[in-house]
Amino acid sequence: RMNQKGIAKKAGVSQTAVSLVLSGRPIRIATAKREAIFRLAGTGTARRGEQTGTLCYLADGEADPGDPFYQRFIAGIQEAASLQGKQLLIQIFKGKIPEDLYTKADGFVIQAKNLTPENLQAISQRRPVVLINQSRPDCDSVMPDNEGGMSQIVSHLAATGRRRLAFFWLRPYGRHG
């Protein structure tokens with residue numbers, strides 16, 4: 001299986017471009033590059049078991065579904081799942097993940113700081129897993145490109161003549177920073 005970093009390297013694009021293309025978000029990218037991303041993303045190995053037609057977004061108690069950040073994030077996952085003909089199951093957990101959850105989804109998108117290695121292993125042995133905002137050597141992951149994003153912001157501001165820049169960071173709703 002290839003993660004987004006590997007796809008980006010093979011396709012000759014940034015990891016952000018891979019994420020945007022796979023999520024169906026607008027991005028200016030050559031058709032050949034877009035097709036290469038989809039082709040490379042489809043090279044993962046299938047797991048045993050029946051298909052449920054469901055993708056599960058699994059988050060720990062740190063995630064607040066009422067927070068606008070998570071609402072936009074979940075909306076993006078829902079849109080991508082829908083494009084693949086899948087339904088989205090949202091599961092917020094505290095502590096141990098219920099055993100029956102493993103059979104309810106074809107794959108898991110996990111955003112959980114408190115996920116134990118045992119829980120991750122139990123899921124990933126049964127179904128494909130993609131971790132959000134964390135990296136582990138035995139799992140695919142999607143990481144924000146904070147450095148690339150800030151570089152684009154600074155370049156744009158400098159190109160428009162701005163020379164004195166400041167950065168303020170506010171977290172009004174949740175602990176997602």
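All of these numbers come straight from a predicted model, not from anything done at the bench. Residue numbers run from 1 in the order of the sequence given.
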Does the [X] side chain pair with the main chain of [Y], one donor and one acceptor, at a distance under 3.5 Å?
| X | Y | answer |
| --- | --- | --- |
| Gln134 | Ala112 | yes |
| Arg127 | Ala105 | yes |
| Lys33 | Ala11 | yes |
| Arg136 | Leu120 | no |

Step-by-step side chain to side chain contact (heavy atoms under 4.5 Å, CB included) determination, Leu115 to Ile110: CA-CA 9 Å; Leu115 184 68; Ile110 301 177; 3.8 Å; yes
Listed by chain and number, what are the side-chain contact (heavy atoms from CB on, under 4.5 Å) partners of [X], not counting sequence neighbours?
| X | value |
| --- | --- |
| Lys5 | Asn3, Gln15 |
| Ser82 | Gln78 |
| Gln84 | Lys86 |
| Met150 | Ile153, Phe167 |

Approximate separation, where rounding is to 0.5 Å, of [X] [atom1] and [Y] [atom2]:
| X | Y | atom1 | atom2 | answer |
| --- | --- | --- | --- | --- |
| Cys56 | Leu88 | SG | CG | 7.5 Å |
| Asp106 | Thr54 | CG | OG1 | 6.5 Å |
| Leu89 | Phe108 | CG | CZ | 8.0 Å |
| Ser135 | Asp140 | OG | CG | 10.0 Å |
| Ser14 | Lys9 | OG | NZ | 15.0 Å |

Residues in side-chain hydrogen bond (donor to acceptor under 3.5 Å, both in side chains) contact with Ser141, at least two apart in sequence or another chain: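 Partners of Ser141 by the side-chain hydrogen bond (donor to acceptor under 3.5 Å, both in side chains) criterion come out as none, since no residue qualifies.
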Ile27 to Arg34 - nearest heavy-atom pair and separation: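 Heavy-atom minimum between the residues: O-NH2, 3.1 Å.
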Ile29 to Ala17 - nearest heavy-atom pair and separation: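 Closest pair (atom of Ile29, atom of Ala17, distance): CD1-CB, 4.3 Å.
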Side chain to side chain contact (heavy atoms under 4.5 Å, CB included) assessment of Ile123 paired with Leu58: CA-CA 11 Å; Ile123 296 171; Leu58 184 61; 3.7 Å; yes
Worked check of side chain to side chain contact (heavy atoms under 4.5 Å, CB included) between Leu131 and Val142: CA-CA 6 Å; Leu131 298 175; Val142 177; over 6 Å; no
Joint hydrophobic cluster, Ile132 plus Met143, side-chain heavy atoms closer than 4.5 Å: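 In one cluster: no.
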Working for side chain to side chain contact (heavy atoms under 4.5 Å, CB included), residues Val18 and Val13: CA-CA 7 Å; Val18 171; Val13 298; 3.7 Å; yes
Can you list, pair by pair, the side-chain donor-acceptor contacts under 3.5 Å of residues 157-166, counting residues two or more places apart and other chains?
residue	atom	partner	partner atom	Å
Thr160	OG1	His156	O	3.3
Thr160	OG1	Leu157	O	2.9
Thr160	OG1	Arg162	NH1	3.2
Arg162	NH1	Thr160	O	3.1
Arg163	NH1	Ala158	O	3.0

Residues Tyr57 and Gln91: side-chain donor-acceptor under 3.5 angstrom: no
Ile77 vs Leu55 side-chain heavy atoms within contact, under 4.5 Å: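 Of all side-chain heavy-atom pairs linking Leu55 with Ile77, at least one is under 4.5 Å.
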